[in-house]
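If you read the sequence from its start, that first residue is 1, and numbering goes on from there. In this text, all values refer to a predicted model and were calculated from it rather than measured experimentally.
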Amino acid sequence: MHSSSPIYAIGDLQGCAGSLEQLLASLPDTTPSLIFAGDLLNRGPQSLHTLRTVMQMGERAQSVLGNHDLHLLAVACGIRPAHRDDTLDDILNAPDRDELIDWLRHRPLAIHEQGHLIVHAGVLPQWDLQQALALANEVETMLRSNQWMDFLRHMYGNQPDRWSDDLTGHERLRCIINAFTRLRFCQADGTMDFAVKEGAAAAPEGLMPWFEVPGRRTEDVTVVFGHWSTLGLVMRPNLIALDTGCVWGGKLSAVRLEDRALFQVQCPQARRPG
């Protein structure tokens, strides 16, 4: 990443290439560095075009892996069936499909840049910055190895739903990946919930947004994340939530990390919620 150019964090694209082009045209810097909060593809109309666009930016664009990105990897390997509302066929049938899949599986789960920790969904309250980066690296190493397909076969499932340093093997990696790519609500002890997808105000008794757990160990770093479109834009001293529902007809948002300048474009509705 070119540290001399301003860095912008950008929310979930989900295949909305037109909105991305519009957003980039609105930025005041001509060659900014970009960090995408994951879910580059799926549900929107132009998954292939979006993926190629980000790939072709080379060094100046980074992206963390989101649950939809991982879903594409699993579908491409025949490990998971496609969902009815997937929009991945253009990637799966592309002549450069193998290159795209290979590029995607080499993306990180977490990026630490200018005092910001960028992840797709969340960080468990038990993890501090160093542990989060180390655990992300465990999954990244597996995804980049020749055992990556075997890893994907064991990736899905809601258990274990609570972190322990004693976890090993597939259970350990599954817990890490669920935290980084699926987390919204958890209990005070960090037990994850994957059922509730509403906004923060809808938390059932005993659950809270992961970032509101008392004593969360990443409070000393600014966590930037996407994934939670019903949460919307949140900007706090140590938190930036960037999924503003682009694919649902909301906005696509970018925040310049150095001064928190916000840039947004209104997006056409590609999907109806529900």
Asks: With sequence neighbours left out, what residues match Trp148 under ring-ring contact (aromatic ring centres under 6.0 Å, His included)?
Replies: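 With sequence neighbours excluded, Trp148 shows a ring-ring contact (aromatic ring centres under 6.0 Å, His included) to no residue whatsoever.
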Asks: Evaluate the side-chain proximity of Pro209 to Leu231: yes if any heavy-atom separation is below 4.5 Å, no if none is.
Replies: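 Not in contact.
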Asks: How long is the straight-line distance from CH2 of Trp228 back to CZ of Arg184, given to the nearest 0.5 Å?
Replies: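 The CZ atom of Arg184 sits 7.5 Å away from the CH2 atom of Trp228.
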Asks: I'd like to know if the side chain of Asp69 reaches the main chain of Gly66, judged simply by a donor and an acceptor atom lying under 3.5 Å from each other, with no hydrogens or angles considered.
Replies: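 Answer holds: yes.
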Asks: To the nearest 0.5 Å, what is the distance between CH2 on Trp248 and CG on Asp12?
Replies: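 Between atom CH2 of Trp248 and atom CG of Asp12 there are 11.0 Å.
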Asks: Determine whether a donor-acceptor pair (N or O, by modelled atom type, separation under 3.5 Å) exists between the side chain of Asn238 and the backbone of Asp220.
Replies: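 No, because the side chain of Asn238 does not come within donor-acceptor range (under 3.5 Å) of the backbone of Asp220.
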Asks: Give me the ring orientation class for His154 and His170: parallel if the planes are under 30° apart, tilted from 30 to 60°, perpendicular past 60°.
Replies: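 Rings of His154 and His170: parallel, under 30°.
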Asks: Over 60° means perpendicular and under 30° means parallel, so classify the ring planes of Phe211 and Phe225, tilted if in between.
Replies: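 Ring orientation, 0 to 90° scale: tilted.
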Asks: Would a hydrophobic clustering, with Ile, Leu, Val, Met, Phe, Trp and Tyr connected at side-chain separations under 4.5 Å, put Met142 with Leu104?
Replies: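 Result: yes, single cluster for both.
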Asks: Is there a donor-acceptor pair under 3.5 Å between the side chain of Ser5 and the backbone N or O of Pro32?
Replies: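 Not a single qualifying donor-acceptor pair exists.
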Asks: Write down the atom of Ile176, the atom of Ala136, and the distance for their closest heavy-atom approach.
Replies: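 In this case the closest contact between Ile176 and Ala136 is CG2-N, 4.4 Å.
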Asks: Donor-acceptor check, side chain of Asp39 to backbone of His68, threshold 3.5 angstrom: yes or no?
Replies: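 Yes.
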Asks: Any luck finding a side-chain donor-acceptor pair between Asn42 and His83 under 3.5 Å?
Replies: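 The criterion, which ignores hydrogens and geometry beyond distance, is not satisfied for His83 and Asn42.
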Asks: Can you give me the closest heavy-atom contact between Pro237 and Thr222, atom names plus distance?
Replies: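 Scanning both residues completely, I find the closest heavy atoms to be O-OG1, 3.3 Å.
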Asks: For Ser47 and Leu41, indicate whether the former's side chain and the latter's backbone hold a donor-acceptor pair under 3.5 Å.
Replies: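 Side chain of Ser47 to backbone of Leu41: no pair is present.
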